[in-house]
Amino acid sequence: YTEAVALPESIFEQARTIGENLIRISQSLPELLRSSSFRQRIGVSEERFRNEIEPFLMDGEKIGFFGADAILDKDQKIKLIEINTRPQVLGRFDEVTPRFIGQGDPNGKISPEIKTLLDNNLPQGKSAVIISHPNNAFYNYHKLLGEQLKIPVVPIQELAVDCKNRVEYQGKEIGIMVRQFNIKKLFDPKLTNQAIVEAISSGKTSLMNGPVISVMGDKLFLPIIPEISPELSGYFPKMEIYKTGDEI
């Protein structure tokens with residue numbers, strides 16, 4: 001069952017502080033990830049960095065949304081327990097959130113911002129698609145997002161590549177692919193035509209990520225956040241990192 005709970009203004013002030021600091025951390029991540037010692041601390045292998053992260057650090061346009069799972073202690077203090085950096089339910093967010101915070105609140109919808117970004121960056125004569133597979137657990141939410149953005153939702157396996165290495169869907173050249181799938185699938189030759197990867201690498205089509213990288217979701221990154229942003233230290237439980245084989 002659910003029970004309505006009145007939240008004091010102090011909780012929203014804490015949330016605002018947390019949000020502002022997490023934004024600053026996310027903006028500093030590209031530079032941090034270029035450090036091999038930092039990657040080693042948070043468990044990002046050199047192969048993963050080279051194949052999955054570094055290509056997108058070179059991209060000039062970055063867009064990312066993240067949320068945090070939290071609890072309140074007895075003193076009404078927020079305690080963060082997880083950070084989610086790839087909200088797969090973007091479509092549902094726009095449908096549900098305005099009911100709670102009001103239709104006119106600028107935070108009530110994400111899709112209009114994405115739509116504006118798409119319209120401003122889509123080359124003339126090219127189309128955009130959302131990449132998601134019917135087997136994706138959040139496929140229905142992705143379809144809802146597609147309705148809000150007025151662009152089709154298609155599996156990456158249904159995209160074609162012509163002789164000039166241009167990505168097409170139903171005869172239309174694709175300028176932007178909105179990624180709603182695990183980035184590892186992009187580099188799996190059993191799932192993805194590698195000509196699509198080459199088209200992205202050569203700039204013939206763009207992959208729009210939300211977020212660009214999922215490193216904030218890596219559990220080993222959580223204990224390091226208070227070091228990067230001391231203002232957040234009081235919002236995390238005490239955490240320590242143990243490697244396999246360490247004596248505990």
Side-chain angles (χ1 to χ4, degrees), residues 1-9 11-20 22-23 26 56 61-72 78 80-122 126-159 169-170 172 174-183 185-186 206-217:
Y1 64 93
T2 59
E3 180 182 352
V5 178
L7 299 177
E9 179 62 27
I11 291 176
F12 292 97
E13 291 173 359
Q14 292 179 60
R16 188 177 299 112
T17 298
I18 292 169
E20 290 171 350
L22 288 180
I23 288 170
S26 69
F56 300 109
E61 297 295 330
K62 298 181 176 68
I63 179 169
F65 303 103
F66 59 83
D69 292 343
I71 59 174
L72 290 176
I78 291 177
L80 292 170
I81 56 175
E82 187 174 14
I83 295 175
N84 306 300
T85 53
R86 187 178 295 127
Q88 299 281 4
V89 295
L90 282 179
R92 190 168 185 269
F93 178 96
D94 279 3
E95 184 181 65
V96 174
T97 305
R99 300 180 196 170
F100 295 99
I101 64 177
Q103 295 289 338
D105 194 295
N107 295 304
K109 286 188 178 292
I110 288 177
S111 61
E113 300 297 328
I114 299 177
K115 177 65 174 168
T116 299
L117 192 74
L118 284 171
D119 291 342
N120 290 343
N121 289 277
L122 197 60
K126 295 187 179 182
S127 302
V129 293
I130 293 174
I131 304 298
S132 178
H133 194 278
N135 289 341
N136 190 310
F138 300 101
Y139 182 70
N140 286 336
Y141 297 154
H142 301 160
K143 283 174 55 180
L144 178 59
L145 178 63
E147 292 172 11
Q148 293 163 349
L149 297 179
K150 296 180 174 55
I151 61 176
V153 180
V154 300
I156 200 166
Q157 293 88 346
E158 291 186 10
L159 298 178
Y169 176 67
Q170 294 184 345
K172 295 182 179 179
I174 302 303
I176 296 178
M177 300 188 300
V178 181
R179 180 174 71 88
Q180 292 284 20
F181 63 93
N182 189 313
I183 194 65
K185 291 181 171 56
L186 181 67
S206 299
L207 188 66
M208 175 177 160
N209 295 275
V212 175
I213 46 179
S214 61
V215 69
M216 284 183 77

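Atom set for the values below is all heavy atoms of this structure, side chains included, hydrogens, waters and symmetry mates excluded. Quick caveat, the model's predicted, so the values are computed rather than measured.
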Checklist entry - In chain order, what residues pass the side-chain contact (heavy atoms from CB on, under 4.5 Å) check against Q103, with sequence neighbours excluded? => result P98
Item to check | Contact check, side chains of V178 and V153, non-hydrogen atoms, under 4.5 Å | outcome: no
Checklist entry - Of all residues at least two apart in sequence or in a different chain, which pass the salt bridge (Lys or Arg N to Asp or Glu O under 4.0 Å) check with D119? => result K115
Checklist entry - Side-chain contact, heavy-atom cut-off 4.5 Å: E158 with Y169? => result yes
Next on the checklist: Filter on salt bridge (Lys or Arg N to Asp or Glu O under 4.0 Å), then keep only pairs touching residues 126-155, sequence neighbours left out; what's left?
Outcome noted: K126-E173
Checklist outcome for this item: The side-chain contact (heavy atoms from CB on, under 4.5 Å) partners of R16 (sequence neighbours excluded) come to E9, E13, E20
Checklist entry - If you round to the nearest 0.5 Å, how far is CD1 of I78 from CD of Q14? => result 4.5 Å
Checklist entry - For the side chain of N136 and the backbone of Q180, is there at least one donor-acceptor N/O pair under 3.5 Å apart? => result yes
Item to check | Sidechain-backbone polar pair: N121 side chain, L117 backbone, donor-acceptor under 3.5 Å | outcome: yes
Next on the checklist: Testing the basics here: between S111 and L149, what is the closest heavy-atom pair and its distance to 0.1 Å?
Outcome noted: O-CD2, 3.2 Å
Checklist entry - L118 and A128: which non-hydrogen atoms are nearest, and at how many Å? => result CD2-CB, 4.3 Å
Item to check | Those residues that, when tested against D69, pass side-chain hydrogen bond (donor to acceptor under 3.5 Å, both in side chains) (two or more places apart) | outcome: N84
Item to check | Residues which pass side-chain contact (heavy atoms from CB on, under 4.5 Å) with I71, listed by chain and number, not counting sequence neighbours | outcome: K79, I81
Checklist entry - Which pair of heavy atoms, one from I131 and one from P155, lies closest together, and at what distance? => result CG2-C, 4.5 Å
Checklist entry - How would you list, by chain and number, every residue that makes a side-chain hydrogen bond (donor to acceptor under 3.5 Å, both in side chains) with S206, sequence neighbours excluded? => result none
Next on the checklist: For K109, give me all partners under salt bridge (Lys or Arg N to Asp or Glu O under 4.0 Å), at least two apart in sequence or on another chain.
Outcome noted: none
Item to check | Those residues that, when tested against K172, pass side-chain contact (heavy atoms from CB on, under 4.5 Å) (two or more places apart) | outcome: S127
